[in-house]
Amino acid sequence: GAAGTDELLRIVESQIALGWPERARLVMEQHQVSDARLEALASYAAGDFPRAGALFTEAAGSLDSASRGILLARAGEK
C-alpha cells in the first residue's frame, strides 16, 4: 500500500544520502517501485549526469512551481 511505498522511498532516499546509489536502485528494482526524483538522485550520486538531468526534468513535470524549479536547476547542474 501507500504506507509501504512511502517507507520504501524513505529507505531509497537514505541509501542515496549515505552515498550508496546502487543499493538505492537495487531496492527500487526489487520492490518494483518507480520514482523519477529518486532515480534522478541515484543517477546523480553515481555520476551518470546525463541520465540524472533527464530524470530531474521528467520529475519536475508533475510538481508545483517551487519544487519544479529546484528539480530543473538540478537537471542543469552538470
Side-chain angles (χ1 to χ4, degrees):
T5 299
D6 289 345
E7 179 64 22
L8 280 172
L9 294 178
R10 279 192 293 277
I11 291 168
V12 169
E13 197 165 39
S14 70
Q15 296 299 305
I16 294 167
L18 291 168
W20 300 322
E22 295 307 317
R23 287 186 185 181
R25 286 184 178 144
L26 184 61
V27 170
M28 291 176 72
E29 287 173 13
Q30 286 177 336
H31 296 279
Q32 299 177 344
V33 174
S34 179
D35 182 284
R37 183 186 64 86
L38 291 176
E39 290 177 32
L41 289 171
S43 294
Y44 189 89
D48 187 353
F49 302 119
R51 178 168 164 71
L55 288 166
F56 278 128
T57 301
E58 177 185 329
S62 63
L63 298 174
D64 63 39
S65 60
S67 297
R68 187 178 198 292
I70 291 168
L71 289 184
L72 289 175
R74 292 291 308 260
E77 280 184 2
K78 294 285 179 176

Note to self: Between Leu38 and Leu26, is there shared hydrophobic-cluster membership here, with clusters defined by ILVMFWY side-chain heavy atoms closer than 4.5 Å?
What the structure shows: no
Heavy-atom closest contact ([X] atom, [Y] atom, distance):
{"X": "Phe49", "Y": "Tyr44", "value": "CE2-O, 3.6 Å"}
{"X": "Ala45", "Y": "Ile16", "value": "CB-CG2, 4.3 Å"}
{"X": "Ala36", "Y": "Leu55", "value": "O-CB, 3.9 Å"}

Cluster membership besides Leu18, Ile/Leu/Val/Met/Phe/Trp/Tyr side chains within less than 4.5 angstrom, sorted by chain and number, is Trp20
| query | In this structure, are over 12 heavy atoms from other groups packed under 6.0 Å from Gln30 atom CD? | reply | yes
Residues passing the side chain to side chain donor-acceptor pair (under 3.5 Å) test with Glu58, sequence neighbours excluded, are none
Checklist entry - Less than 4.5 Å apart, any side-chain heavy atom of Arg37 and any of Glu13? => result yes
Value for CE (Met28) from CG (Leu8), rounded to nearest 0.5 Å, stands at 9.5 Å
Applied to residues 23-35, the salt bridge (Lys or Arg N to Asp or Glu O under 4.0 Å) test, sequence neighbours excluded, yields Glu22-Arg25
By salt bridge (charged side-chain N to carboxylate O under 4.0 Å, His left out), Arg51 pairs with (sequence neighbours left out) Glu39
